[in-house]
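Everything on this sheet refers to the single structure shown next.
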Amino acid sequence: MRLFDTHAHYYDDAFGSDRDEVLSALPAAGVERVVCPGCDLPTTRQSLALAERYPFLYFAAGLHPENLEGASLSDLDEVRALARHPKCAAIGEIGLDYYWLRTPEERANSRDFFAAQLALAGELDLPAIVHDRDAHRDTLDLVRAHPGTRGVFHCCALSAEDAKVVEKLGWYVSFTGNVTFKNARRALEVIAALPLERIMIETDSPYMAPEPFRGKRCDSRYVFRVAETIAQVKGISTEAAAEATYQNALRFFGLEDTPL
Ligand SMILES: [Zn+2]
C-alpha cells in the first residue's frame, strides 16, 4: 500500500526537534509522496528547502488568509518567483477564513489576496490548495470567477450539495483525520456523494491527528486512517482507497508516477 499525504506543514515548530527523523521514516512507512504548503513567504521558502532535500516531498507557494497582516499584493511577485521552482506543485495554502478574520476590512483584504492568488495559479498552470473556513459562499464565488484555475478544497468542510458544485467545476476535495472524529457525519456524506476520482487524502500535520491519536502531534504516517475511513464509506479495501487517492493526487499535481 502506498499513500500520498497531499497537505502537511513540516516547517512547523512542532517538528523542531525531530523533523529529519520523521521525514526520513515516511517512505518506509508507505507514505511515498507529501506536499508541504507554505502559509507566508518565510514558510514557503522553508517548504522549498525541504523539497530540495527530500525527493518525495513537494511544496506549495502562497499566502494563507490568517497570515496577511503586513502583507501587500506586491509580495505575490515573490510567490510567483518561488512557484517557478521545479518542485512547486501548487499555489497554496490560500483562501478565506471568516472564523479568524472578523472585520469587513480584513475579510475584503483576504478576498483580494485570494482572487489574486487564484489568478496566479491559472497563470502558472498550477492547481490551487484552498482553505475555506466559515466562508463557503464567498470562496465558491471567487472560485467560480476564476474558471481558468483548478484546485482542491482542503480539509473539506463543505456540505454535500456544495461539494457537488465543486465537482461540477472540475475541482477536488481532500479530507484530513477529522473524518475519524465522532461528529464527522457531514464529511462522511460528502465522501459518499462524490466520485472516488475527485477525493484526495491529507493530514494537515502537525494538526488534526485522527482517532485514536487525536490530540497528539500528527505526521503523515497517520494518513492511512483517512484512507481507511474513505474505504469504509465507499465499501472498498483500504488498499484500493489508498491507491485511488494516490493516483488522484498524481493527476491533480501533474506528477509522473516514476520511482523516487
Ligand atoms: Zn494547512
Side-chain angles (χ1 to χ4, degrees), residues 1-8 31-35 37 58 60 89-96 118 121-122 125-133 135-137 139-180 184-204 208 210 220 223-257:
M1 181 164 79
R2 58 181 186 167
L3 295 153
F4 194 138
D5 182 358
T6 60
H7 196 116
V31 181
E32 296 197 3
R33 307 217 193 199
V34 175
V35 172
Y58 302 81
I91 295 297
E93 167 169 3
I94 62 174
L96 301 177
L118 283 171
D125 197 22
L126 287 170
I129 299 173
V130 169
H131 168 105
D132 160 21
R133 189 165 184 196
H136 303 324
R137 288 276 74 77
T139 305
L140 273 173
D141 282 350
L142 283 170
V143 164
R144 273 199 211 90
H146 292 85
T149 300
R150 59 208 166 83
V152 61
F153 278 71
H154 114 88
C155 194
C156 178
L158 297 167
S159 65
E161 195 185 331
D162 284 341
K164 294 301 279 183
V165 172
V166 163
E167 181 202 339
K168 283 203 186 71
L169 293 170
W171 279 50
Y172 288 61
V173 299
S174 74
F175 294 96
T176 62
N178 71 7
V179 297
T180 66
R185 187 182 52 83
R186 195 154 117 139
L188 302 185
E189 284 170 10
V190 176
I191 295 170
L194 286 184
L196 182 58
E197 296 70 44
R198 290 300 180 81
I199 296 174
M200 299 192 289
I201 57 176
E202 58 166 299
T203 54
D204 208 9
M208 290 288 179
S220 298
V223 80
F224 79 95
R225 291 283 297 128
V226 187
E228 274 179 359
T229 303
I230 287 164
Q232 282 160 11
V233 176
K234 292 294 194 191
I236 57 177
S237 67
T238 302
E239 286 73 15
E243 182 59 23
T245 53
Y246 194 98
Q247 295 287 346
N248 294 346
L250 288 175
R251 187 169 66 245
F252 177 78
F253 292 113
L255 303 175
E256 300 272 348
D257 194 5

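No experiment lies behind these values; they were computed from the predicted model shown.
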Problem - Arg2 and Asp257 ion-paired at < 4.0 Å - result: yes
Problem - Val130/Val152 under side-chain contact (heavy atoms from CB on, under 4.5 Å): CA gap, chis, key distance, verdict - result: CA-CA 6 Å; Val130 169; Val152 61; over 6 Å; no
Handout entry: Any donor-acceptor N/O pair, Arg198 side chain to Trp171 backbone, under 3.5 Å
Key = yes
Exercise for the section: Mind checking the CD1-OG1 spacing from Ile129 to Thr6? Nearest 0.5 Å is all I need. Expected result: 7.0 Å
Problem - pair Leu169-Arg144: side-chain heavy atoms closer than 4.5 Å - result: yes
Exercise for the section: Ignoring hydrogens and angles, tell me if any N or O in the side chain of Lys234 forms a donor-acceptor pair with the backbone of Pro195 under 3.5 Å. Expected result: no
Exercise for the section: Using modelled atom types only, decide if a donor and an acceptor are shared between the side chain of Arg225 and the backbone of Val179 within a distance under 3.5 Å. Expected result: no
Handout entry: Val34 side chain near Thr203 side chain, heavy-atom distance below 4.5 Å
Key = no
Practice task
Take Thr245 and Leu3 through the side-chain contact (heavy atoms from CB on, under 4.5 Å) test and state the conclusion after the steps.
Solution key: CA-CA 8 Å; Thr245 53; Leu3 295 153; 5.8 Å; no
Fill in the blank from the handout: From the list Val143, Val190, Asp162, side chain to side chain contact (heavy atoms under 4.5 Å, CB included) with Phe153 holds only for Val143
Exercise for the section: Go through the side-chain N and O atoms of Asp204 and Thr176 and say whether any donor and acceptor fall under 3.5 Å apart. Expected result: no
Handout entry: Working for side-chain contact (heavy atoms from CB on, under 4.5 Å), residues Glu197 and Arg251
Key = CA-CA 10 Å; Glu197 296 70 44; Arg251 187 169 66 245; 4.0 Å; yes
Handout entry: Parallel, tilted or perpendicular, as decided by the 30° and 60° cut-offs, for the rings of His131 and His154
Key = tilted
Exercise for the section: Side-chain contact test, heavy atoms from C-beta onward, threshold under 4.5 Å: evaluate it for Thr229 versus Leu188 and give yes or no. Expected result: yes
Practice task
Taking the side chain as every heavy atom from C-beta outward, state whether Leu255 and Tyr58 have any pair of such atoms under 4.5 Å apart.
Solution key: yes
Practice task
Please examine the side chains of Leu158 and Val166, heavy atoms only from C-beta on, and report whether any two atoms are closer than 4.5 Å.
Solution key: yes
Exercise for the section: Check whether any side-chain heavy atom of Tyr246 sits under 4.5 Å from a side-chain heavy atom of Glu32, and report yes or no. Expected result: yes
Practice task
Say whether, by atom type as modelled, one donor and one acceptor occur between the side chain of Arg186 and the main chain of Ala157 under 3.5 angstrom.
Solution key: yes
Handout entry: Side-chain donor or acceptor of His136 paired with backbone N/O of Asp132 under 3.5 Å
Key = no
Handout entry: Check: Thr149 side chain, Ala121 main-chain N or O, donor-acceptor pair, under 3.5 Å
Key = no
Practice task
Output the distance between atom OG (Ser237) and atom CE (Met1), rounded to the nearest 0.5 Å.
Solution key: 9.5 Å
Problem - Any donor-acceptor pair under 3.5 Å from Asn248 side chain to Ile199 backbone - result: yes
Handout entry: Beyond-backbone contact of Leu142 with Leu118, side-chain heavy atoms, under 4.5 angstrom
Key = yes
Fill in the blank from the handout: Of all heavy-atom pairs linking Ala90 and Phe253, the shortest is CB-CE2, 4.0 Å
Fill in the blank from the handout: Looking only at heavy atoms, the pair that brings Ile201 and Ala227 closest together is CD1-CB, 4.1 Å
Exercise for the section: Answer yes or no: is there a donor N or O on one side and an acceptor on the other, between the side chain of Glu202 and the main chain of Ala8, under 3.5 Å? Expected result: no
Practice task
Check whether the side chains of Glu228 and Thr238 place a donor and an acceptor atom closer than 3.5 Å, and report yes or no.
Solution key: no
Handout entry: Donor-acceptor pair between Arg150 and Tyr172 side chains, under 3.5 angstrom
Key = no
Handout entry: Minimum side-chain heavy-atom gap Pro127-Ile91 below 4.5 Å
Key = no
Handout entry: Side-chain donor/acceptor of Ser220 to backbone N/O of Asp5, under 3.5 Å
Key = no
Problem - Check: Lys164 side chain, Ala193 main-chain N or O, donor-acceptor pair, under 3.5 Å - result: yes
Handout entry: Intermediate values then yes/no, side-chain contact (heavy atoms from CB on, under 4.5 Å), His7 and Ser174
Key = CA-CA 9 Å; His7 196 116; Ser174 74; 5.6 Å; no
